[in-house]
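Residue indices begin at 1 and follow the sequence shown.
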Amino acid sequence: MRIKGKNFDGEGGKEEEQKLVVGYALTLKKKKSFLQPEFERLACKKGILFVAIDVNLPLSDQGPFDIILHKLLGKEWGDIVEDYRQTHPEVIVIDPPYAIQHLHNRQSMLQDVVDLNLSDFHGRVGVPKQMVIMKDPLSIPDEVAKAGLKLPLVAKPLVVDGSAKSHELFLACDWSSLSELEPPLVLQEFVNHDGILFKIYIVGDAIKVVRRFSLSNVNQCQLAKVPGIFPFPRVSSAAASADDADLDPRVAELPPRPLLERLSKELRHRLGLRLFNIDMIREHGTRDIFYVIDINYFPDFLLTFKKKKYRAISCED
């Protein structure tokens, strides 16, 4: 039991240092990628204990917990966590289900970036021009023309539900191919960014930025030669890391730290989240014009792995 910040073993009354107990409810895939043995050992040394939550038992009957860490889909689970938050205000829940839900829709997830005023703060941050198509794929070419979007376009499923299909991205290079897309979806103008994407990981007030290889620049001559729709390569894989590549300094230069700190602080407040990542690109030929193209909750890369040692990112807020 816990008494004034101490634990007692219940037998000889031996006093032990109290650990911070983190109850977790994660998918099997997320558990494998997040709770790796090296990380758990490091957490234990830091006085942090991870305890699995049994989703088949009432949450209030488990614990006690200092923190609830979760990433499970479904309204039922969301209601359970929200009810727990209301009845256990002393427990930190990472993160509130209603806030996470905001990132399940690609139309709404970037609206908070649009509403920010970061036009002249060590750089400019915006969102590529985009539109939502809900139905009737045959009307897509006309709708895109009316909206004034320019080719090529990145096509993304509107709903992000954790499935492999919700992460299938395509590059549409000609008008006729647009009618082959499957709504509901978001069409986003492709911005040339020299094949480099910045993944900005935010854990509380801590920020970690890594480079990932992305799609190369596309020009009009290339568009004329390669009509159609092409799968857009995933850039979240560790194999796509560009941190150690020999890159042009103008391309490899990370976004200004003050800009990232301001952006992350504003989005943490607006989104109500502690644990997420931002996908950002720098427009080709510029040094200070950036675009946010995606926001993801509870990304896989929460640790930096160098020389076979983990360095944990602080989760304080």
Side-chain angles (χ1 to χ4, degrees), residues 2 5 7 17-104 109 160-163 199-208 236 238 264 267-278 295-305 310-317:
R2 300 183 180 190
N7 285 343
E17 182 180 356
Q18 177 177 315
K19 290 185 178 296
L20 183 74
V21 180
V22 180
Y24 67 87
L26 307 172
T27 62
L28 181 60
K29 178 182 178 182
K30 178 60 66 176
K31 180 182 176 181
K32 288 182 177 179
S33 66
F34 176 64
L35 288 178
Q36 298 182 21
E38 292 90 341
F39 176 60
E40 289 197 87
R41 284 195 289 268
L42 174 62
C44 188
K45 290 180 180 180
K46 298 293 185 179
I48 302 172
L49 178 65
F50 286 91
V51 177
I53 292 173
D54 189 337
V55 297
N56 297 312
L57 297 176
L59 187 53
S60 295
D61 292 347
Q62 302 179 63
F65 303 116
D66 298 296
I67 297 174
I68 296 289
L69 182 67
H70 70 103
K71 190 175 184 181
L72 294 177
L73 297 174
K75 184 178 184 303
E76 182 178 359
W77 170 253
D79 291 342
I80 290 172
V81 175
E82 189 58 38
D83 180 66
Y84 186 88
R85 289 182 67 240
Q86 299 300 323
T87 56
H88 295 77
E90 76 284 0
V91 179
I92 297 174
V93 175
I94 305 177
D95 273 308
Y98 70 85
I100 298 173
Q101 187 66 32
H102 190 67
L103 297 187
H104 289 173
M109 72 164 59
V160 184
D161 59 9
S163 67
K199 296 193 77 70
I200 305 159
Y201 297 93
I202 299 169
V203 186
D205 57 1
I207 302 172
K208 174 66 180 180
S236 59
S264 65
L267 288 181
R268 280 167 49 207
H269 173 71
R270 291 169 180 264
L271 296 173
L273 297 172
R274 293 184 177 91
L275 185 60
F276 61 99
N277 96 277
I278 303 167
I295 303 177
N296 306 288
Y297 177 67
F298 202 156
D300 284 337
F301 189 90
L302 294 175
L303 306 168
T304 57
F305 188 68
Y310 280 95
R311 294 186 296 146
I313 300 176
S314 169
C315 201
E316 296 178 357
D317 194 353

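- Taken from CD in Glu40 to CZ in Phe34, the straight-line distance is 9.0 Å, to the nearest 0.5 Å.
- Taking both residues in full, the closest heavy atoms of Ala52 and Gln62 are given as O-OE1, 4.3 Å, listed atom of the first, atom of the second, then distance.
- By the salt bridge (Lys or Arg N to Asp or Glu O under 4.0 Å) test, Lys30 is found to be paired with Asp300, residues two or more places apart in sequence or in another chain being considered.
- Taking the ring centroids of Phe39 and Phe50, they lie under the 6.0 Å cut-off.
- In terms of heavy atoms, His70 sits closest to Val81 at NE2-CG1, 4.0 Å.
- Tyr297 meets the ring-ring contact (aromatic ring centres under 6.0 Å, His included) test with no other residue; sequence neighbours excluded.
- By the side-chain hydrogen bond (donor to acceptor under 3.5 Å, both in side chains) test, His104 is found to be paired with Gln101, residues two or more places apart in sequence or in another chain being considered.
- Every residue two or more places apart in sequence or in another chain was checked for a salt bridge (Lys or Arg N to Asp or Glu O under 4.0 Å) with Arg41, and none qualifies.
- Residue pairs that meet the salt bridge (Lys or Arg N to Asp or Glu O under 4.0 Å) test with at least one member in residues 42-61, sequence neighbours left out, do not exist here.
- Listed by chain and residue number, nothing satisfies the side-chain hydrogen bond (donor to acceptor under 3.5 Å, both in side chains) test with Asp95 (two or more places apart in sequence, or in another chain).
- The distance from the NE2 atom of His88 to the CG atom of Leu59 is 7.5 Å, given to the nearest 0.5 Å.
- Leu72 CG to Tyr24 OH: the interatomic distance, rounded to the nearest 0.5 Å, is 11.5 Å.
- Partners of Ala99 under the side-chain contact (heavy atoms from CB on, under 4.5 Å) rule, at least two apart in sequence or in another chain, are Pro96, Leu273.
- Rounding to the nearest 0.5 Å places OG of Ser60 at 10.0 Å from CD1 of Ile80.
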**Q.** Test side chain to side chain contact (heavy atoms under 4.5 Å, CB included) applied to Leu275 and Leu69, step by step
**A.** CA-CA 10 Å; Leu275 185 60; Leu69 182 67; 3.8 Å; yes
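- No more than 12 heavy atoms of other residues, nucleotides or ligands shown are found within 6.0 angstrom of CD on Glu76.
- For Asp83, there are no salt bridge (Lys or Arg N to Asp or Glu O under 4.0 Å) partners, not counting sequence neighbours.
- Applying the side-chain contact (heavy atoms from CB on, under 4.5 Å) criterion to Ile200, with sequence neighbours excluded, gives Ile202, Ile207, Val209, Leu260, Ile278, Met280.
- Of the listed residues (Leu103, Val203, Leu26, Ile94), just one forms a side-chain contact (heavy atoms from CB on, under 4.5 Å) with Phe298, and that residue is Leu26.
- Under the rule for a salt bridge (Lys or Arg N to Asp or Glu O under 4.0 Å), the partners of Glu82 that lie at least two apart in sequence or sit in another chain are Arg85.
- Annotation: side chain of Cys44 is in contact with side chain of Lys19 (closest heavy-atom distance under 4.5 Å).
- One finds the CE atom of Met109 at 6.5 Å from the CD1 atom of Ile295 (value rounded to the nearest 0.5 Å).
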